[in-house]
Amino acid sequence: MREPLSEVYRLRSNSNQKMKYKFEKYNYLDERDNINKSTSIILIENEENYGEHFSTEIKNIKLDYLNKIVISLEQVLSGELEHYAFGYEIYSIECKKEISLVVDTYNDWKCISEIITQEIYEFIRDWRNYLIEDASTLINNEDLNNDLYLVSAHYTFFDGLKIHKVTNQYYDWLSSSDFSIWSNSYIEIENKIIYIIKENVKTLSTFRYFGKKELEIIAEKYDLKIKEENDVYYAYTDNHNSRQLEISENDELIVIYSIEESRTPESIYIYGVFEKKTNDS
């Protein structure tokens, strides 16, 4: 039987590892909208040994970046990568196979701590897994809880050669199968532009970027469905259930789409365009 999430991290923090930590839920009243909310916090024993801003830096790292860090640290530990560095704002954590250095970039890049790389890997992995497994945290996570609305009015789609005026969804042949051309595709709404092939593109599956619970929350938010193939979960739509959906995002827009290809890309299906609301919206 799998240990409860809280027990997993409590027991791990009581082990003989030099780095001891636990994750907890923090409930608070947001006075800006007078709504009770909750967030996850990181508690590290003797945190001052790693830098006074260490837990805050890690907490502010987005989930897709945490996934990348975990994968990269696995490559460092296996010897596939010789060196990997990551950070948020103040600290850069410089990782080699045995030892990782916490470097203060605001203080002439001074090394303020050394951590066994295996331990920093387990810490980042545990924090990422905690966020994925705690569905309530994900629901309150800023990335997944931004108020978005489906743009049902017209938008402009440029496929690298031709401009198309679209309402809601789009499905048609690409004007060119040349990557140097169709990779410049963009969508524009009221002077807001997103280059959908180039800007923060992730496949909507558990293969790399998302955990199952996170994918379920995304699917519910965007009215998608989930299927399982060879132990990997994918988001899909009934009309295009054989296609692999991608999500592209910048500071203003989100687009869910798929590219259909045989030997080369041939057509594009745009499921939906979502605009991020701002405080002024």
Carefully, step by step, assess Phe274 and Tyr222 under the rule ring pair (Phe, Tyr, Trp, His ring centres under 6.0 Å).
CA-CA 9 Å; Phe274 303 81; Tyr222 297 108; 4.5 Å; yes
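- Residues Glu24 and Lys22 are paired through a salt bridge, judged by an N-O separation under 4.0 Å between the basic side chain and the carboxylate.
- Judged by distance alone, with hydrogens and angles left aside, the side-chain atoms of Ser113 form a donor-acceptor pair with the main-chain N or O of Asn49 at under 3.5 Å.
- Atom CG in Leu174 sits 6.5 Å away from atom OG in Ser185 (nearest 0.5 Å).
- Taking the six-membered ring for Trp and thresholds of 30 and 60 degrees, Tyr186 and Phe158 have ring planes inclined between 30 and 60 degrees apart.
- Side chains of Glu260 and Ser267: a donor-acceptor N/O pair is present below 3.5 angstrom, by distance only.
- Environment of CD in Glu48: crowded, with over 12 heavy atoms of neighbouring residues, nucleotides or ligands closer than 6.0 Å.
- More than 12 heavy-atom neighbours from other residues, nucleotides or ligands sit within 6.0 angstrom of CD on Glu74.
- Within 6.0 Å of the NZ atom in Lys202, the count of heavy atoms belonging to other residues, nucleotides or ligands exceeds 12.
- Around the NZ atom of Lys96, the shell of radius 6.0 Å holds no more than 12 heavy atoms that belong to other residues, nucleotides or ligands.
- Checked by atom type and distance alone, the side chain of Asp159 pairs as donor or acceptor with a backbone atom of Lys162 at under 3.5 Å.
- Ion pairing between a basic and an acidic side chain is recognised when a charged N comes within 4.0 Å of a carboxylate O; Glu188 and Lys192 show no such pairing.
- Between Tyr50 and Phe54, the two ring planes are tilted [angle within 30° to 60°].
- Distance alone, capped at 3.5 Å, is enough to place a donor-acceptor pair between the Glu199 side chain and the Tyr195 backbone.
- Between the side chain of Ser72 and the backbone N or O of Ile69, no donor-acceptor pair lies under 3.5 Å.
- Side-chain atoms of Ser176 come within 3.5 Å of backbone atoms of Asp178 as a donor-acceptor pair (strictly under, hydrogens ignored).
- The closest side-chain donor-acceptor pair between Asp126 and Tyr21 falls under 3.5 angstrom.
- Under the 3.5 Å distance criterion, the side-chain polar atoms of Tyr121 are left unmatched by any main-chain donor or acceptor of Ile71.
- Under the 3.5 Å distance criterion, with hydrogens and angles disregarded, a donor-acceptor pair is assigned to the side chains of Thr156 and Lys165.
- Glu57 places a side-chain N or O within donor-acceptor distance of the main-chain N or O of Glu89, the cut-off being under 3.5 Å.
- A distance-only check finds a donor-acceptor pair linking the side chain of Gln169 to the backbone of Tyr271 [under 3.5 Å].
- For the pair Glu119 (side chain) and Met19 (backbone), a donor-acceptor distance under 3.5 Å is present.
- A donor-acceptor contact shorter than 3.5 Å is absent between the side chain of Thr206 and the backbone of Lys212.
- Using a 4.5 Å heavy-atom threshold, the side chains of Ile120 and Phe86 count as touching.
- With hydrogens and angles left out, the side-chain atoms of Thr105 and Ser92 include no donor and acceptor closer than 3.5 Å.
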